[in-house]
Each structure stands twice: as C-alpha cells, then as structure tokens.
Enquirer: 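Below are the structure tokens for one structure; questions will follow.
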Amino acid sequence: MAIRIYNTLTRQKEEFKPLREGEVRMYVCGPTVYDYPHLGHARTYIAFDVIRRYLEHKGYTVLMVMNFTDIDDKIIKRANETGEDPKELAERFLRIFLEDMKALKVKPADVYPRVTEHMDDIINFVKKLQEKGYAYEGSDGVYFEVRKFRDYGKLSKIKLEDLVKGARVEPGEGKRNPEDFALWKKAKPGEPKWESPWGEGRPGWHIECSTMSSKYLGESFDIHGGGNDLIFPHHENEIAQSEACFGHEWVHYWMHTGFLMVNGEKMSKSLGNFVTVRELLKRYNPEVIRLFVLQRHYRSPLDYSEEGIEHAKNNLERLYNTLENIRVAMKRAEISFRWDEPEFRAYEAIRDARRKFYEAMDDDFNTAEALKAVFEVSNVVNRYLTEVEKPKESILRKAWEFFKDVGEVFGLFEDYFKEQKAGNEEELINLLVEVRAQLRKEKKFDLADKIREELRKLGIQLEDTPQGTVWKRVKV
RNA sequence: GCCGGGAUAGCCUAGAGGCGAGGCGAGGGACUGCAGAUCCCUUCCACCCGGGUUCAAAUCCCGGUCCCGGCUCCA
C-alpha cells in the first residue's frame, strides 16, 4: 500500500514516490549547537526518527543526513558571554546533542555533516551562484539576490512585495535590496574566520544546508524536514539557492513538525519555558518521552505538561504489562491442534488491528491513530488470556509479533525484547520466589511480603496469579 | 496588515457527511491472605457560537468568538 505524505510545498497529502526505486534520501535540519537540547527539539527528532524507521520497516533503504551548524552568530555570541572558545563550545554541545538523542533512542543519521568540515564545498556553492548571476559581493559579505529567483515564496506562500512592505527584513549595509540574505559574512575583528575569494569570513546560515544536502543526497532528493519555524526564511532560502544553482526542482517532499507548546506558548529559549531533554530523562524512561510525542500527530502542536507525561507513562505501563502477560502465558501455551471461538475472535481482532496500524501509518504517519490499534491488540490479548485455560501459542505469537513490529517502528519496548538473559540472577530470583511460595503456604505472610517488598525495591516485581507467582523487571 | 494551524465528554488525543473512536482518570464488580496485573460494568451518547446546504453534519458552506504560530534567531 502506498504511503501518503503531507507536503508543505503543495499543502496537501500526496502519494509518496521516491525518486529512486527502493531508496529514500532524506535530510533533516539539525541544531545549532550552542545550548542543551530541549523537549521541543526532541519532539521534532523523534518524529523524524519514527518516519525514518517506518520507511525502513516498509523495506526502503533510507539515507538520512542531518547537519550540525557548528559556527554561527549565536555560537559566537554565547561564546563571548561565557568566555569559551566558540569551537570548543560548539564541540561540547554537539556531543551533548548526540548523547541526548542516543538516550532517546533516536537512530543516528548516516552522515552528520558539520559546517566547519565543509567550508570548501560551501565556498564553491557560493561561487557558482555568483557565476550564475544570483549572488553579488557587498561591502560586508556576499548576498543572494532574492528578486532574481522567480519562484521565491513558493514554500512559505509569502509574496516578495509583502515581505518588503512588512519592513521586517533588515536593510543591511552591503545589501542591494532589503530582502536579500547573506551567503558569506565577512569577519569582524576577533570573529572566527575562514579563507575565501571574498576575504576571510564565515558562511551564512542557509547556504550550509543547500551545500551539504546536495553533497550527500544529490541535486534532487526525496524528503527535507524540520520544525515548522524553519519554513520561512530558512527553507525558502534553501530552495532559492539550490534551485537557482541546479536549475531544476530540488526537494520533492517538504515535511514540517508542529511546535511543542507550554501553556499555550511555543517552548523556546527566549521565553525561558523550556525543559531540557536531560532534565526529563532524569525523571522518565526515554520511552515515556517517545510515547508522549507519538500520542499526537507530528504536524499538530503538542502541549507539554507534567500531567501529559504522566499519561504517557501510564499508557506505556499498560503496554508493558500486556507484553509481560504474553511472555508469562507463553510458558503454559500449547500447540494449536484445534481452534475454538476465542481463538478465532482473537486472531481476527489482531489481524484487523494490524491492518489499521499500517493504514494509519501510511496516512501521513498518523502515530496517534496507529496507537489505537496497539491498544486494541493489548486489550484483545488480555481478554483472550482471561477467557481460556490453555492459551494457544499461535495466538500469543501473533500478538507478540505485532508488538515487536510496533516496537521497531516506534522505538518502544526495546529493553523488553532485548533484555532477557542476565546470568544466574534469574535463578536467584526464582529461588526466592520458591521460598516465598512455601512461606505463603504456611501462611507466614509477613515474611512473604517482606521478600516481595525488598525485591520491588531492587526493581523486581512479584505478582501472584492463579497459575503461580510470576516476576518482572519494572521498566517505567 | 499578510500567510498558516487550532477549538472533540473530567483529562489527553484520533477522525472527518450516516456504523458516535482510543487511552488516561474516577466509581463499582470478578479474581486475590494482602498487594499487583488483568477482565467485566458504569462515567447518565462529546465535537466553540450562530446560520445554511442535505433525507442525514462534529465532519461541507457562510458569518462570528476565542487561542496559537510564521512574517526577525529558532526544531
């Protein structure tokens, strides 16, 4: 079945057809590394992570590129404030970003091009624009002449006249027109600088993405993504640069994520209403954060609140419990020599839920809708287990495999499917469980409870069921 | 001013002309020595307001109200 993607360029959902059979080339705008990433960043990168995972799950080879802006005005400014060397500051926060993303189980990009590693490519790109007559050198830098590019505004739907009228664009000393933007900034005293045909300086913000994306993904590729706030001017300017340079359409599908909101306002550094990923990870399992993000469609604004995170936590707990129920039931499951009513019902329900899951994901990666199907299976399998004495292995396996696929796409249940063996720790726990069972038989409940309590503190939860005592590791 | 996005039961989220969605929370019941997990039932059938189109609208159209975002650095 075909995937449909909402394309910001056309403002509608379109059938996804990659330029090359079986391969998806995607570029996601990475961060400017001058501070700790917050939940807003996490939201965007988790969203694109799931999109990427889903495409891979569907069998595509995905070439994923994400840039690092490791030299820029903000970095210089911050470095001046802290007295740190801009290079070191950028390096530090770049590492922190990578660590945080890893902790959030965001799959790493295939290439993380850094601006400072691509100066020659960037300079060549600017040169080409100059040769083609789209760029000119001013007193303080090289600029892109916006009005020479016919299609300017096609992504953001902004008209050039309005832009100039709005007077929001800075006139700037070296510019011919107020709407022009910098491709190369000549260095002021004390600023970091690189050699170029226009003297020492550094690249403008937009040119890096045009240069580095085409270097790794070619002069046209499938998906370019980022936060909503990048549509204008960043992505609009990228289009202008790239299409002016290449002379043909550049990116096929533009995808943008909605903001993370706090009390009705965008989470941002300037408002000071942000929660860093680190802080959050101290208090919550990364999968809780992922589920929190996935409960809302990626294009819609997502409201942050403690309560919202708690919701996600409860939801995740429920899914983990179901997984645990299946795992335990597997031990007493039997081969299906016949199916009865409950088996047929469970099978059909799981089959339908799986279909719904894929339909939802195919429809512009509707994770919120897809999650409904996940909870349906959770419910179905739990009910099945209460209905039958001896569960059939094939039914449990169907549910189990479904959760495994969901986990792969959403980046959930990872520990669960991975962490099974842990040396003889398991045997020790089993021993304690046996001892406790004996104590319970003898009605020595206080001692039995003590064992349960102490194990709970160690992260092992015991549960007494009609089939005997089972234990699980508490993940959330 | 110019472009966008919203308003869904106590809460969080989907959906998008007719089978009234999923989760959380709350209450009750089953099972338990207790706890936990799970299941069943209930939460008195929700879609900002006012018009219109239609046999039928939360969903389409018109007009409002309120909220948010972009137009300047931003994921």
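Letters A, B, ... are given to chains in the order of the sequence lines, protein chains preceding strands, and every chain is numbered from 1. Every value quoted in this text rests on a predicted model; they were computed, and no experiment measured them.
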Enquirer: So A:Asn379, base contact, sugar-phosphate only, or nothing? Heavy-atom distance under 4.0 Å.
Expert: sugar-phosphate
Enquirer: Say we look at B:rC3 and B:rA14: how far apart would their P atoms be, to the nearest angstrom?
Expert: 27 Å
Enquirer: Return yes when atom CG of A:Asn263 has more than 12 non-hydrogen atoms of other residues, nucleotides or ligands closer than 6.0 Å, and no otherwise.
Expert: no
Enquirer: Taking only N and O in the side chain of A:His311, is any of them less than 4.0 Å away from OP1 or OP2 of B:rC12?
Expert: no
Enquirer: Can you measure A:Asp229 atom CG to B:rC3 atom P for me and round it to whole angstrom units?
Expert: 21 Å
Enquirer: Between A:Glu369 (CD) and B:rC12 (C1'), how many Å, whole number?
Expert: 15 Å
Enquirer: May I ask you to establish whether A:Lys269 and A:Tyr34 are in a cation-pi arrangement, using a distance under 6.0 Å from NZ or CZ to the six-membered ring centre and at most 45° from the ring axis?
Expert: yes
Enquirer: Which of the following nucleotides, B:rC11, B:rG33, B:rA21, is nearest to the side chain of A:Lys372?
Expert: B:rA21
Enquirer: Looking at B:rU38, I'd like to know if its phosphate oxygens (OP1 or OP2) sit under 4.0 Å from a side-chain N or O belonging to A:Asn321.
Expert: yes
Enquirer: Identify the nucleotide, in any strand shown, that forms a Watson-Crick or G-U wobble pair with B:rC39, with both distances under 3.5 Å; if there is none, say none.
Expert: B:rG29
Enquirer: So, OP1 or OP2 of B:rG15: does either fall under 4.0 Å of a side-chain N or O from A:Asn366?
Expert: yes
Enquirer: For the side chain of A:Asp303 and the base of B:rG6, is some donor closer than 3.5 Å to an acceptor across the two?
Expert: no
Enquirer: May I have the distance from A:Leu291 (atom CG) to B:rU13 (atom C1'), rounded to whole angstrom?
Expert: 11 Å
Enquirer: Are A:Lys13 and A:Tyr6 in a cation-pi contact, defined as NZ or CZ under 6.0 Å from the six-membered ring centre and within 45° of the axis?
Expert: no
Enquirer: Would you say A:Lys175's side chain and A:Pro178's backbone share a donor-acceptor pair under 3.5 angstrom?
Expert: yes
Enquirer: Does A:Arg436 have a side-chain nitrogen or oxygen under 4.0 Å from the phosphate oxygens OP1 or OP2 of B:rC34?
Expert: no
Enquirer: Let me know the distance between CD of A:Glu306 and P of B:rG25, rounded to the nearest Å.
Expert: 17 Å
Enquirer: Of A:Glu324, A:Lys472, A:Arg456, which meets side-chain hydrogen bond (donor to acceptor under 3.5 Å, both in side chains) against A:Gln461?
Expert: A:Arg456
Enquirer: Would you indicate which nucleotide in B:rG33, B:rU38, B:rA14 comes nearest to any side-chain atom of A:Asn382?
Expert: B:rU38
Enquirer: Nearest to the side chain of A:Thr386, heavy atoms from C-beta on, is which of B:rC39, B:rG15, B:rA75?
Expert: B:rC39
Enquirer: Looking for any heavy atom pair under 4.0 Å, which part of the strands does A:Gly225 touch: base, sugar-phosphate only, or nothing?
Expert: nothing
Enquirer: Return yes if the base of B:rG5 and the side-chain atoms of A:Arg299 contain a donor-acceptor N/O pair under 3.5 Å, otherwise no.
Expert: no
Enquirer: When you measure from the side chain of A:Phe232, which nucleotide among B:rG22, B:rG70, B:rG36 comes out closest?
Expert: B:rG70
Enquirer: With respect to the phosphate group of B:rG69, does any side-chain polar atom (N or O) of A:Asn228 fall under 4.0 Å of OP1 or OP2?
Expert: no
Enquirer: Identify, between A:Leu302 and A:Ala448, the residue whose nearest nucleotide on RNA chain B lies closer to the 5' end.
Expert: A:Leu302
Enquirer: B:rC71 phosphate, OP1 or OP2: any side-chain N/O from A:Lys157 under 4.0 angstrom?
Expert: no
Enquirer: Rounded to whole Å, how long is the line connecting atom CZ of A:Arg456 with atom C1' of B:rA37?
Expert: 12 Å
Enquirer: Could you please name the partner base of B:rC73, counting Watson-Crick and G-U wobble pairs only when both distances are under 3.5 Å?
Expert: none
Enquirer: Quickly work out the A:Trp254 CH2 to B:rG4 C1' distance and round it to whole Å.
Expert: 17 Å
Enquirer: Is there a donor-acceptor pair under 3.5 Å between the side chain of A:Asp100 and the backbone N or O of A:Pro37?
Expert: no
Enquirer: Among B:rU38, B:rC34, B:rC11, which nucleotide has an atom closest to any side-chain atom of A:Asp464?
Expert: B:rC34
Enquirer: Separation of A:Ile289 atom CD1 from B:rC12 atom P, in whole Å?
Expert: 20 Å
Enquirer: Applying the Watson-Crick and G-U wobble criteria at under 3.5 Å, what pairs with B:rC66? Answer none if nothing qualifies.
Expert: B:rG6
Enquirer: Grab the CG-P distance between A:Leu260 and B:rG70 for me, whole Å please.
Expert: 14 Å
Enquirer: With distance as the sole criterion, do the side chain of A:Arg11 and the base of B:rC3 form a donor-acceptor contact below 3.5 Å?
Expert: no
Enquirer: Measure from the side-chain heavy atoms of A:Arg296 and tell me the nearest of B:rU13, B:rC68, B:rC39.
Expert: B:rU13
Enquirer: Touch check for A:Met255, heavy atoms < 4.0 angstrom, all strands: base, sugar-phosphate only, or nothing?
Expert: nothing
Enquirer: Considering only B:rA75, B:rU72, B:rA37, which nucleotide approaches the side chain of A:His41 most closely?
Expert: B:rA75
Enquirer: Which pair of heavy atoms, one from A:Lys154 and one from A:Glu236, lies closest together, and at what distance?
Expert: N-OE2, 3.1 Å
Enquirer: When the P atoms of B:rG5 and B:rC45 are considered, how many whole Å apart are they?
Expert: 34 Å
Enquirer: For A:Arg383 and B:rC40, is the shortest distance between a side-chain N/O and OP1 or OP2 below 4.0 Å?
Expert: yes
Enquirer: If you assign each of A:Ser156 and A:Glu463 to its closest nucleotide in RNA chain B, which residue comes earlier from the 5' end?
Expert: A:Ser156
Enquirer: For A:His41 and A:Tyr45, take the angle between the two ring planes, folded into 0 to 90°, and tell me which bin it lands in: parallel under 30, tilted 30 to 60, perpendicular over 60.
Expert: parallel
